[in-house]
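In what follows, every chain begins at residue 1, and chains take the letters A, B, ... in the order their sequences are listed. Note that these values count all heavy atoms, side chains included, but never hydrogens, waters or copies made by symmetry. Note that the coordinates shown come from a computational prediction; the quantities given were computed from them, not determined experimentally.
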Protein chains: 2
Amino acid sequence: MMNLTLKQLRYFEALIHHKHFGHAADASGISQPALSMQIKEMEESLGVPLFERAARQVRLTRFGEDLAPRVRDILRSVGEVEDMARLAQHTMSGRLRIGVIPTIAPYLLPSFIGHLKQEHPTLDVHIRETLTPRLITELAEGKIDTAIVALPVSEPAFEEVTIFEEDFVLVRPESDAMRPVPSAADLQLMKLLLLEEGHCFRDQALSFCNIRSALPRDGLDGSSLTTLVQLVAAGLGVTLIPQMAMSVETHSAAVSVAQFPEPRPKRKIGMIWRKTSPLTDQFHQLARIVEIAANGMH
Amino acid sequence: MMNLTLKQLRYFEALIHHKHFGHAADASGISQPALSMQIKEMEESLGVPLFERAARQVRLTRFGEDLAPRVRDILRSVGEVEDMARLAQHTMSGRLRIGVIPTIAPYLLPSFIGHLKQEHPTLDVHIRETLTPRLITELAEGKIDTAIVALPVSEPAFEEVTIFEEDFVLVRPESDAMRPVPSAADLQLMKLLLLEEGHCFRDQALSFCNIRSALPRDGLDGSSLTTLVQLVAAGLGVTLIPQMAMSVETHSAAVSVAQFPEPRPKRKIGMIWRKTSPLTDQFHQLARIVEIAANGMH
DNA sequence: TAGGTTTGATAAGCAGATCTTATGATGAAC
DNA sequence: GTTCATCATAAGATCTGCTTATCAAACCTA
């Protein structure tokens, strides 16, 4: 027996304002008896009278007066909650946690985040950069909202959308610039420098060359594309990098870059998120922004 | 469309806490479908999903997370309002504005307020000291909550309760101490000093002597009982004062005090308040405290 | 003082909200 | 593949809250 409702609080406030049951009821869009009853019920559930009904005047009791500012406060807070909802309906806002793999992050993010901030200034973007398996775990656990990775991921719990495809290019020492571009088979015989175990890009490169990842490849792994390119410049071998990384990584290094002939090696970049996430619409919108950012890079 | 209810907010909080529809429903004392529906309705009325329902886990969306502290805040405020009501039900609290006539106030109030503060420490007491007609006006207008006056007041809009009766005593110069106490008829022939026009005590004294107030009585009116007693001490006449005033007013004055024989003049002191006031119970309680305070004075 | 007016309370009936139980659907676990 | 867990949906019962109609009290006017 103490069941206040927001409706009662609203009627209470209206009656305080109008000091007249009929007028307050009109203002609240209900009939006078309905308002009378709700006020009465409110008084009964509180166990304390709120108004003193005298002839031709409705006066707040002392207790009612004490209550008034608190009730106003509550109604204001509720209004703010509703405002928040209205805002959240239309704009993308709040925190958004995006995972990105290391072979994409440094090249795509600067442009992507620029576009994103421009279109959704209220968005609070968090970036998590790590390898695909960990991103998958964190996504499943709700630690991130979405991830930008190489597809396919093939997790039944996730939705996948492709954003763009991207070729791999060959990076050789500058001295090799005039040589013919080796075939995949040729590559197996060359000193191919790759990222260390765990990077999906490593596996994609190996698969292009039909090399089994399990084979011992001592001394040929680097921890970042930057390292690999520097090793190539030092003449230790050749490597593949995604096209997106080309301009950043090879700009100031003594290496030459070559396209492969068809069928070129490539990877598919896309976004993934939990199928259960209610943000599907926003993620599609986000994918568009990634695409625009990526296109703007060539 | 946008009709939140407190019930929904409570269910929302329960679901946040339990992260499980069934358990949250149990905790809320309703069935699981009822809770599911209310949460769904809340999401629809806000237009934004609050929870992400995945297999075996219920996870707050970003928006739900933003909402949670505000909802908690609202529910806490509502709880406080209910607490206030519970408190107000039992104890007398809040502001209480009491009117008192000048021939009572200085003698009764110190003791009365002492008792009152002791029994109801949270009570915020305001005292208004003025003549009866003004108290009546202010009471009718709601500027004070109750008044302690001489009865009867006979206002149909007011409730009256008698608290105690009080004799009037005769104050004469010290030199008259051994003389016989004059009768009411004798008093008419003596120089009777009285309060100025407007004090009910003046009229009560006059009525005892069968003197018509309208008669010219130049130079014989004072504005307070203190003044009157001092005038008596100076040999300018005699006066009547209420017994309650005796010890305070005659303690250090060169006057003698005498009781009248039966039928003694007296007045009836009581409390009045608007019949419409919801504080009737409290006023009766208050009257008891006044009575105790008055008894403690002899 | 009598009759009309204002205003809040009460009554009866209806509509919609909210709950319950029963059942369905989906994904996880064995 | 079967069973279990869990949330959604459906159908029906009950309660709540609203409406209109009416009453009662008190004020106002004449």
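Phosphate contact (OP1/OP2 of D/dC7, side-chain N/O of B/S36, threshold under 4.0 Å): absent. When the side-chain nitrogen and oxygen atoms of B/R53 are compared with OP1 and OP2 of D/dT6, none of them lie within a distance under 4.0 Å. Of the side-chain N and O atoms in B/K40, one or more sit less than 4.0 angstrom from OP1 or OP2 of D/dT9.
With a 4.5 Å cut-off on side-chain heavy atoms, A/L67 and B/V81 count as touching. Counting heavy atoms from C-beta outward, B/R76 and B/E80 have side chains that approach closer than 4.5 Å.
With respect to A/R53 and A/E43, a salt bridge is recorded, a charged nitrogen being found less than 4.0 Å from a carboxylate O. With respect to A/R10 and A/E13, no salt bridge is recorded, no charged nitrogen being found less than 4.0 Å from a carboxylate O. A salt bridge between A/E166 and A/R267 is present, with a side-chain N of the basic residue lying under 4.0 Å from a carboxylate O of the acidic one. Residues A/R62 and A/E65 are paired through a salt bridge, judged by an N-O separation under 4.0 Å between the basic side chain and the carboxylate.
A donor-acceptor pair is defined here as one N or O able to donate and one able to accept, closer than 3.5 Å; no such pair exists between the side chain of B/E160 and the backbone of B/G270.
Between the NE2 atom of A/H20 and the P atom of D/dC27 there is a distance of 15 Å, given to the nearest Å. Distance, A/L9 CG to D/dG17 C1': 16 Å, rounded to whole Å. The separation between B/H23 atom NE2 and D/dA5 atom P is 11 Å, rounded to whole Å. Between the C1' atom of D/dA5 and the CD atom of B/Q57 lies a distance of 14 Å, rounded to the nearest Å. Computed from coordinates, the B/L15 CG to D/dC7 C1' distance equals 11 Å when rounded to whole Å. Straight-line distance from the CZ atom of A/F21 to the C1' atom of C/dT10: 13 Å, rounded to whole Å. When rounded to the nearest whole Å, the span between CD of B/E52 and P of D/dT6 equals 17 Å. Rounded to an integer number of Å, the gap from A/F51 CZ to C/dT7 C1' is 15 Å.
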One character per nucleotide, please: for nucleotides 17-30 of chain C, 5' to 3', B when the base has a protein heavy atom closer than 4.0 Å, S when only the sugar-phosphate does, - otherwise.
-SBBBB----BS--
